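Side chains are part of it too, since the values below use all heavy atoms of this structure and drop only hydrogens, waters and symmetry mates. Keep in mind that what you see is a predicted model, and the values were worked out from it rather than measured.
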Amino acid sequence: RSKDGRLIVISKSSHFLERWEHGEKTHSYVISSGYNEGDKVKSGDMRTPEGEFYISHKVPNSAYYLALALNYPTTEDAERGLASGLITKVQYNGIVRANQKKQKPNWNTSLGGAIEIHGNRQITDATRGCVGMRNEDIRELYGLMKAGDPVIILP
């Protein structure tokens, strides 16, 4: 939870996003996620990442109406990417530094990036790796969340 008690929990398999505040579920929304199942591995795999994230920044002028950007790739993703040769040590160091400072990590590596919770989606649409919501739902959620708030994405 954030210091203010806010938390988003996303279940890819049940297609729901829940907003929690101080341990109580306050909102539930139907969502869509990546076209392919499983955890995100690299750019272009059409998968939504799984794990613990935070909102790195809010995007008021998103191409997808409104968006809450997530800090993918995380430090753990960078470790995996470095070990498998997907990213360089310089890219790894930059991703780790950004995550330590709760900033947006480099989205332009072979790990992929630009993972967002965004609008402009019909419920039956799959995404390229983001979490899609109806515009009226992201508008409500966007107003309730802040940069730094935690997001958990479950399989």
Side-chain angles (χ1 to χ4, degrees), residues 1-59 62 64 66-84 86-89 91-119 121 126-133 137-138 140-155:
R1 283 194 306 229
S2 73
K3 62 181 184 284
D4 298 324
R6 290 179 302 275
L7 169 68
I8 289 174
V9 179
I10 296 166
S11 170
K12 296 189 320 185
S13 60
S14 69
H15 305 284
F16 273 97
L17 179 154
E18 297 174 344
R19 182 183 182 270
W20 292 73
E21 192 157 347
H22 302 293
E24 304 228 356
K25 182 169 60 171
T26 60
H27 298 76
S28 187
Y29 307 96
V30 176
I31 56 98
S32 58
S33 60
Y35 182 78
N36 290 322
E37 291 184 15
D39 194 4
K40 184 158 198 64
V41 176
K42 62 182 181 167
S43 179
D45 66 9
M46 307 288 250
R47 292 183 175 124
T48 301
E50 299 167 1
E52 295 183 18
F53 304 91
Y54 58 82
I55 297 169
S56 62
H57 61 287
K58 295 168 84 168
V59 187
S62 167
Y64 298 99
L66 293 170
L68 300 170
L70 302 184
N71 68 308
Y72 178 88
T74 64
T75 297
E76 293 77 20
D77 298 308
E79 288 167 357
R80 175 182 48 78
L82 183 63
S84 66
L86 276 174
I87 62 171
T88 67
K89 183 71 171 167
Q91 290 171 322
Y92 167 85
N93 289 338
I95 292 167
V96 169
R97 221 174 7 263
N99 276 283
Q100 288 170 340
K101 294 178 180 180
K102 287 251 191 224
Q103 296 173 341
K104 177 189 128 189
N106 183 354
W107 284 352
N108 297 311
T109 73
S110 294
L111 291 171
I115 302 297
E116 299 175 336
I117 302 168
H118 64 66
R121 284 284 170 205
T127 70
R128 291 177 294 175
C130 291
V131 174
M133 301 179 75
D137 293 342
I138 188 62
E140 181 176 67
L141 186 66
Y142 187 92
L144 295 168
M145 302 306 292
K146 294 186 173 150
D149 286 346
V151 177
I152 298 170
I153 303 178
L154 304 170

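Scored by the salt bridge (Lys or Arg N to Asp or Glu O under 4.0 Å) test, K25 finds E18 as partners (sequence neighbours excluded). In terms of the ring pair (Phe, Tyr, Trp, His ring centres under 6.0 Å) criterion, residue partners of H57 (sequence neighbours excluded) are, by chain and number, W107. Applying the side-chain hydrogen bond (donor to acceptor under 3.5 Å, both in side chains) rule to R97 yields no partners; only residues at least two apart in sequence or on another chain are considered. When the ring pair (Phe, Tyr, Trp, His ring centres under 6.0 Å) test is applied to Y142, no partner is found at least two apart in sequence or on another chain. Listed by chain and number, the residues in a side chain to side chain contact (heavy atoms under 4.5 Å, CB included) with H27 are R19, Y29, E140, L144 (sequence neighbours excluded). Under the rule for a side chain to side chain contact (heavy atoms under 4.5 Å, CB included), the partners of A67 that lie at least two apart in sequence or sit in another chain are V59, S62, E116, H118. Under the side-chain hydrogen bond (donor to acceptor under 3.5 Å, both in side chains) criterion, T74 pairs with E76, D77, sequence neighbours left out. Scored by the side chain to side chain contact (heavy atoms under 4.5 Å, CB included) test, S84 finds L86 as partners (sequence neighbours excluded). Evaluation of the side chain to side chain contact (heavy atoms under 4.5 Å, CB included) rule for T75 yields E79, V96, N99 as partners, not counting sequence neighbours.
Residues in residues 32-56 take part in no ring pair (Phe, Tyr, Trp, His ring centres under 6.0 Å) pair, two or more places apart or across chains. Applying the side-chain hydrogen bond (donor to acceptor under 3.5 Å, both in side chains) definition to pairs two or more places apart or across chains, those involving residues 36-52 are K12-E50, K40-D45.
Remark: I55 CD1 to I117 CD1 distance equals 6.0 Å, nearest 0.5 Å. The distance from atom CD1 of I31 to atom CD1 of I138, rounded to the nearest 0.5 Å, is 11.5 Å. Between atom OG of residue S28 and atom CG of residue D137 there is a gap of 9.5 Å, rounded to the nearest 0.5 Å. Distance CG/L17 to OG/S33: 11.0 Å, rounded to 0.5 Å. Atom-to-atom distance recorded for T127:OG1 and M133:CE is 13.0 Å, nearest 0.5 angstrom.
Heavy-atom minimum distance, V131 versus I10: CG2-CD1, 3.9 Å. Heavy-atom minimum distance, I8 versus L68: CD1-CD1, 4.4 Å. Shown here for A147 and S56, the closest heavy-atom pair between the two residues is CB-O, 4.1 Å. The nearest pair of heavy atoms linking A78 to I95 is CB-CG2, 3.7 Å. Between G81 and L111, the shortest heavy-atom contact is CA-CD2, 3.9 Å. The two atoms that bring D149 and R6 nearest to each other are OD2-NE, 2.6 Å, heavy atoms only.
Summarising the local packing, CZ of R80 is surrounded by more than 12 heavy atoms from other residues, nucleotides or ligands at distances under 6.0 Å.
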Exercise for the section: May I have the step-by-step check of side chain to side chain contact (heavy atoms under 4.5 Å, CB included) for I153 and L70, ending in yes or no? Expected result: CA-CA 11 Å; I153 303 178; L70 302 184; 3.9 Å; yes
